[in-house]
Trainee: 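Questions regarding the structure given below will be posed in turn.
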Amino acid sequence: MPESPLLEGLNPQQRDAVSAGTGPHLILAGPGSGKTRVLTHRVAYLVQEMGVAPYRIMAVTFTNKAAREMQQRVERMLGGQELSGLSLGTFHALCARILRVEAENTPYTRDYVIFDTRDQLTAIKQAATQLNIDIKRFTPRSLLDGISAAKNEMLTPEVFADRVDSYFAEIVSRVYFAYQEILLGSNAMDFDDLLMQTVLLFQQYADVAAKYQRRYEHVLVDEFQDTNYAQYKLIHALAAPQNNLFAVGDPDQSIYAFRGADYRNVLRFQKDFPDARVILLEQNYRSTQTILDAATAVINVNTNRVPKRLFTGRGKGERIALYEAYDEDDEARHILNTILRLNEEGRYNPGECAIMYRTNAQSRPLEEAFRRAGVPYRLIGATRFYDRREIRDLLAYLRLIHNPDDSVSLERIINVPTRGIGERTLGELRAWAESIRLSPGRALLALLEGADAPFSPRSRRALEVFAGLLAHWQALAAAGRPPLPILDAVIDDTGLAAYLRDGSREGEDRWENVLSLRESAADYEHADLAEFLTQVALVSDVDVRDDNVDAPALLTLHSAKGLEFPVVFLCGLEEGTLPHLRSLEADAEGDPDALAEERRLLYVGITRAKDRLYLSYAFRRTRFGDSEPSLPSRFLQDVPPALLEGAPLAGASRAAQDSFARMTAWMDDLPRSHAARNTPSPPRFQPGMRVINPHFGEGVVIAARRYHDAEEVDVQFDRAGRKRIDGNFLEPLG
DNA sequence: TCTAACCAGATTTTT
DNA sequence: TCTGGTTAGA
């Protein structure tokens, strides 16, 4: 058989997978083994060699960004052929589309909106309040987690109620009913509903299921280890009856159990499809053997897994650097200096480096260090654009226009900017709406038609003014105007610009954000509001970051999934941070899975590195605003010392850990300077000195003080204004 | 009804 | 340290 050019450059295992025939296939692959590459080639192969029409293929990726990249690569592989009709995207995006099309067979209309976590919490609070449940005792977050877990397991409120086995579950169950009522009344679905409703749709309407089964001849899934039960049911349903299912994953990289991902789907797959072919990809093309050995040593401690042997053709490589920092600032400085040094030595560009941490809060000292030094960086994912107040407000307007039943959005913005509709009037509106069995939004619109309502003249006037605006915007939407002019109408009619731009620096920032939202709305010139809103709800800005800047990336271990960098720094390797305190607590309560997942998280981090890996932990770390001593992560003890260079481990044994803890307990009471290990040197900078920084240019020193082993200097720059800078990044002039 | 001040509380990860 | 929620006062 003549070989397909699509198989060129692949190893035998990869070829085997790409060119596999029909039927169920499970590809179990280690990190850096070309999983995504195999999946991409497989899609191209189906089209080119097996003659499958693109619209008969569904390929599910973990992020929207991965989907975009895959689309581009496949098209390139097929010689620029346009692959329209290919169903490529995340589970959520694909489900959102199906639910829109099949709305008449669901409890929702096609104008439904998607509730994100913030909206969900608002709705949960509402539900709990209705039920007189004390949200101090049962936090909305914990209730939401309970409901979300139920939905991921495909448990409807009724089924869940039958399984209640604890007081907490009882509370969750009651809130679940009320919460679902609120969602339905608002014509809104949360993330979990998108999946669950789609599966329910298929279960309840065999003809609908059959339609999609006929359409999708091949179903491919990436990151299979991070699917939850609902997602598994979905692909199971879609792939039937031919079961041309191609699932790619690595159970050792399962890091989303907290949100319902269930690595047991791998086992389910093998049980449900006994004839499935399992193909292993074990060769690693990414990392040096040293890095792989460290990763293997860390992950091997986990029980209940299929051992994999990872090998690479890349050679041994350099040893892994371990650094014990004094505190998080010292750690940040050390990382920054290392990146600058690697750059000066001409070994790696800043853009080839990534700094990874467990929690978003850890980015702060890093950002500060970079800012002080005037070195640019790329912060990935942290404060999410769509999470900003002004953006959420504007989107709430758009959602309300699109779907007047969305009372969470209505209540969010009915008095933003303030327009005389306070808690009292709002309460009256709610009560009246309920009495005439309309959602508050629709009741509001009915007011314009002269509906009889028990409001004071003053309240009524305020409500009517707002209703008038809403009706006006809806008319724009109904006339088919694209998102941007509608958005502009909202901005103009509400006087949002004046409201936000209050003369403060933050005000200008907020306005800038509004302008960015306008920019993204401008991309939807030929789409309607529904499409724009869906996109906004399902595409995180993690997906849209700019890769083209030559600056180090700062990101959490979770968002590092699927990425690779020549140089990786893993910081904050301490007990309580990685593994996170929550998992230690869970472990103490007898749940070993939590710790195993933390370990996998570290495994993912280590295996992102191609050439150089730097590990660090701090001797003390600031938590909740004050600084406390910390212990090196237990995971560090699993890395063979022969692979490491740098600091000896302070907590090499359990006994040592205990004595370390005792020692640091009393050190905690000493002034900081006692614990600092660097002897102070005379200050280099005095007020009035002229100095220069490569990034900010020339300036004059305002003030300077010692700060551990470095100097913190306030400088008035001639052009860049006043900055606080690490003395290491200043040179005296003259 | 609105604003500002205060206080308490919480801090994992994200489609 | 920050955020959010509550309360008091205008």
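Protein chains get the first letters and strands the later ones, always in sequence-line order, with residue 1 at the start of each.
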Trainee: With sequence neighbours excluded, tell me which residues meet side chain to side chain donor-acceptor pair (under 3.5 Å) with A/Ser456.
Mentor: A/Ser459
Trainee: Going by side chain to side chain donor-acceptor pair (under 3.5 Å), name the residues that satisfy it together with A/Arg305, two or more places apart in sequence or in a different chain.
Mentor: A/Asp252, A/Asn300
Trainee: Run the salt-bridge test on A/Asp262 and A/Arg268 with the 4.0 Å N-O cut-off and return the result as yes or no.
Mentor: yes
Trainee: Looking at residues at least two apart in the chain, or sitting in another chain, which of them share a side chain to side chain donor-acceptor pair (under 3.5 Å) with A/Ser409?
Mentor: A/Arg399, A/Asp406
Trainee: Assign A/Arg600 to base, sugar-phosphate, or nothing according to its heavy-atom contacts below 4.0 angstrom with the strands shown.
Mentor: nothing
Trainee: Are A/Phe62 and B/dT15 stacked, counting the six-membered base ring, centres under 5.5 Å, planes under 30°?
Mentor: no
Trainee: Please classify the nucleic acid contact of A/Phe91 as base, sugar-phosphate, or nothing, using heavy-atom distances under 4.0 Å.
Mentor: nothing
Trainee: Does the side chain of A/Thr556 get closer than 4.0 angstrom to OP1 or OP2 of B/dT14 through an N or O atom?
Mentor: yes
Trainee: May I have the distance from A/Lys125 (atom NZ) to B/dG9 (atom P), rounded to whole angstrom?
Mentor: 15 Å
Trainee: Should we count NZ of A/Lys233 as having more than 12 external heavy atoms under 6.0 Å?
Mentor: no
Trainee: Contacts to DNA chain B from residues 422-432 of chain A, heavy-atom cutoff under 4.0 Å, which residues?
Mentor: A/Gly422, A/Arg424, A/Thr425
Trainee: Could you tell me whether A/Asp116 contacts a base, only the sugar-phosphate backbone, or nothing, with contacts defined as non-hydrogen atoms closer than 4.0 Å?
Mentor: nothing
Trainee: Could you give the start and end, 5' to 3', of the contact zone on DNA chain C for chain A, using atoms under 4.0 Å from its heavy atoms?
Mentor: C/dT1 to C/dG5
Trainee: Should the ring pair A/Tyr232 and A/Phe224 be called parallel, tilted or perpendicular, given that the plane angle runs from 0 to 90° and is split at 30 and 60?
Mentor: tilted
Trainee: Is there, by distance only and without an angle test, a donor paired with an acceptor across the side chain of A/Arg358 and the base of B/dT13 below 3.5 Å?
Mentor: yes
Trainee: Please step through salt bridge (Lys or Arg N to Asp or Glu O under 4.0 Å) for the pair A/Arg333 and A/Glu328, ending with a clear verdict.
Mentor: CA-CA 9 Å; A/Arg333 248 192 324 264; A/Glu328 63 270 10; over 6 Å; no
Trainee: Nearest-Å distance, CG (A/Asn360) to P (B/dT12)?
Mentor: 10 Å
Trainee: DNA chain C: A/Arg364 or A/Arg118, which has the more 5' nearest nucleotide?
Mentor: A/Arg364
Trainee: Which residues pass the side chain to side chain donor-acceptor pair (under 3.5 Å) test with A/Arg623, sequence neighbours left out?
Mentor: none
Trainee: Is the ring centre of A/Phe62 less than 6.0 Å from the ring centre of A/Phe91?
Mentor: no
Trainee: Side chain of A/Arg458, heavy atoms from C-beta onward: which of B/dT1, B/dT12, B/dT14 has the nearest atom to it?
Mentor: B/dT1
